[in-house]
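Because the structure is a prediction, the values reported are computed rather than measured.
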Amino acid sequence: MSVKLVEGSNYSRVAEFVLLGLTDSPELQAFFFVVFPIFYVMTILGNILILVTVISTQQLHSPMYFFLSNLPFIDICLLSFATPKMIMDFFIHHKAISFEGCISQIFLLHLFTGTEIVLLISMSFDRYVAICKPLRYYNIMSQRVCLCLVVVSWTVGFLHTMSQLAFTHYLPFCGPNVVDSFFCDLPLVIQLACIDIYVLGLFMISTSGMISLVSFLLLLTSYIIVLVSLKKHSSSGSSKALSTCTAHFIVVFMFFGPCIFIYVWPFTNFLADKFLSVFYTIFTPFLNPLIYTLRNQEMKAAMKKMSNQYISSQKTEQFPRCPVQ
């Protein structure tokens, strides 16, 4: 185990942490080595497709799709902060990560999850205004308001992750350095400190869990209000709005469920914690494009139009029209 002396202190600090990964089974490691790269590439391409579709389609330049175009970017970041290293580590016996790399993973994880929490709340607010106050929708959800909500999302995510690291970075890590996961997360790393921080650490980490729980309950309440108000609309309008809200709530449930389970009880190690971590860092970003495209008629129509235009342009390049004599 590598240790280094921290300047101005009388203890040595570990220079690296050892990640145990998802499993020690060679068969499962080989299986995951094949499966996860496929998921990773498909997720990146799916989220990029959503971004390109929204940006290039004039009909999708609305507040709802503005938020929707920000969600794939966050999902790509959330997917990429740990997944490439996890894939490379499947056949590496000593799965080490430097102290600085470990802290960086914690920083990025809480930055992206904190940002996504606020963005999902903004998307819920957008749907509430669209359905409950349709005549004032474009006045309330102006371009400036939408931009401010996205900026607030990233600001809250940054402040949240800095509040976590301001305490964690200066803890004395002088002995144990084994992290029972495929990436560094606060509940696992903070337990390796050489001082007793149970009460303070429990409060810090449970705060993240409570934030996730309260945010989830607020979102659940807002969607219930929206669904109740849908009864006042026409059947066709209600069907479209119901489909949109259902897709949003599926994403909310998939994202918040694992976060609440992991962070509300931070110092209890369950086998399920690893797979829940996989779910909200890999599978949720993978499923989001499917949910928002397969359940959204406007997105499917825009993608079909893009593909037809691309095919037509390719045919024109291969078989250019002869000039009229």
Side-chain angles (χ1 to χ4, degrees), residues 47-48 50-81 107-166 207-208 210-227 229 241 244-245 247-256 259 280 284-285 288-289 291-292 296 298-299 302:
N47 281 291
I48 290 176
I50 291 178
L51 277 170
V52 173
T53 302
V54 173
I55 292 173
S56 61
T57 305
Q58 184 66 34
Q59 291 80 1
L60 300 183
H61 290 179
S62 65
M64 183 181 80
Y65 291 103
F66 174 74
F67 293 123
L68 184 58
S69 65
N70 280 271
L71 185 62
F73 177 74
I74 298 175
D75 282 337
I76 290 173
C77 295
L78 186 60
L79 176 73
S80 301
F81 88 98
F107 172 84
L108 294 174
L109 172 64
H110 287 271
L111 171 64
F112 300 139
T113 53
T115 302
E116 185 157 339
I117 285 174
V118 183
L119 183 64
L120 290 173
I121 293 174
S122 300
M123 294 173 69
S124 171
F125 176 69
D126 171 73
R127 291 300 84 204
Y128 167 79
V129 175
I131 294 170
C132 299
K133 301 181 184 296
L135 299 179
R136 299 179 56 197
Y137 176 64
Y138 285 102
N139 289 329
I140 297 175
M141 300 303 298
S142 64
Q143 185 177 7
R144 181 179 178 182
V145 170
C146 293
L147 183 60
C148 286
L149 288 174
V150 171
V151 172
V152 168
S153 299
W154 283 97
T155 302
V156 171
F158 178 77
L159 293 176
H160 168 68
T161 194
M162 290 304 297
S163 68
Q164 303 292 304
L165 291 186
T207 299
S208 297
M210 293 309 297
I211 291 173
S212 299
L213 179 60
V214 172
S215 299
F216 175 75
L217 293 176
L218 287 174
L219 288 168
L220 178 62
T221 303
S222 69
Y223 282 119
I224 290 175
I225 294 173
V226 168
L227 292 175
S229 67
T244 302
C245 290
H248 285 200
F249 187 73
I250 291 173
V251 172
V252 167
F253 181 79
M254 291 191 309
F255 179 77
F256 280 95
C259 292
Y280 78 84
T284 298
N288 280 354
I291 293 171
Y292 281 114
N296 191 307
E298 292 177 331
M299 285 291 296

CA sep, side-chain torsions, deciding dist, call: Met299, Leu60, side chain to side chain contact (heavy atoms under 4.5 Å, CB included): CA-CA 8 Å; Met299 285 291 296; Leu60 300 183; 3.7 Å; yes
Side chains of Gln59 and Tyr65, donor plus acceptor under 3.5 Å: no
Show the nearest heavy-atom pair for residues [X] and [Y], with the distance to one decimal.
{"X": "Ile50", "Y": "Pro289", "answer": "CD1-CA, 3.4 Å"}
{"X": "Phe67", "Y": "Leu119", "answer": "CD2-CD1, 3.8 Å"}
{"X": "Leu78", "Y": "Leu109", "answer": "CD1-CD1, 4.0 Å"}
{"X": "Tyr138", "Y": "Pro63", "answer": "CE2-CD, 4.0 Å"}

Pairs touching residues 147-157 that satisfy side-chain hydrogen bond (donor to acceptor under 3.5 Å, both in side chains), sequence neighbours left out: none
Residue pairs fulfilling side-chain hydrogen bond (donor to acceptor under 3.5 Å, both in side chains) with at least one residue in residues 112-123, sequence neighbours excluded: none
Exam field: side chain Thr161 to backbone Gly157, donor-acceptor pair closer than 3.5 Å: no
Sequence-distant partners of Asn47, side-chain hydrogen bond (donor to acceptor under 3.5 Å, both in side chains), two or more places apart: none
Tyr128: partners by side-chain hydrogen bond (donor to acceptor under 3.5 Å, both in side chains), with sequence neighbours left out: none
To the nearest 0.5 Å, what is the distance between [atom1] on [X] and [atom2] on [Y]?
{"X": "Ile224", "Y": "Leu219", "atom1": "CD1", "atom2": "CG", "result": "11.0 Å"}
{"X": "Leu79", "Y": "Ile74", "atom1": "CG", "atom2": "CD1", "result": "13.5 Å"}
{"X": "Gln143", "Y": "Cys148", "atom1": "CD", "atom2": "SG", "result": "10.5 Å"}
{"X": "Leu165", "Y": "Met162", "atom1": "CG", "atom2": "CE", "result": "6.5 Å"}
{"X": "Ile131", "Y": "Ile225", "atom1": "CD1", "atom2": "CD1", "result": "11.5 Å"}
{"X": "Ser215", "Y": "Leu120", "atom1": "OG", "atom2": "CG", "result": "9.5 Å"}

Once side chain to side chain contact (heavy atoms under 4.5 Å, CB included) is applied, do any residues pair with [X], and if so which ones, sequence neighbours excluded?
{"X": "Cys77", "result": "Phe73, Phe112"}
{"X": "Val145", "result": "Ser142, Leu149"}
{"X": "Leu218", "result": "Val214"}

Heavy-atom neighbours of Phe158 CZ exceed 12 at 6.0 Å: no
Verdict with reasoning, Arg127 to Met64, per side chain to side chain contact (heavy atoms under 4.5 Å, CB included): CA-CA 8 Å; Arg127 291 300 84 204; Met64 183 181 80; 3.4 Å; yes
Show which side-chain atoms of residues 51-58 pair as donor or acceptor with protein atoms under 3.5 Å away, not counting sequence neighbours.
residue	atom	partner	partner atom	Å
Thr53	OG1	Leu49	O	2.6
Ser56	OG	Val52	O	2.6
Thr57	OG1	Thr53	O	2.7

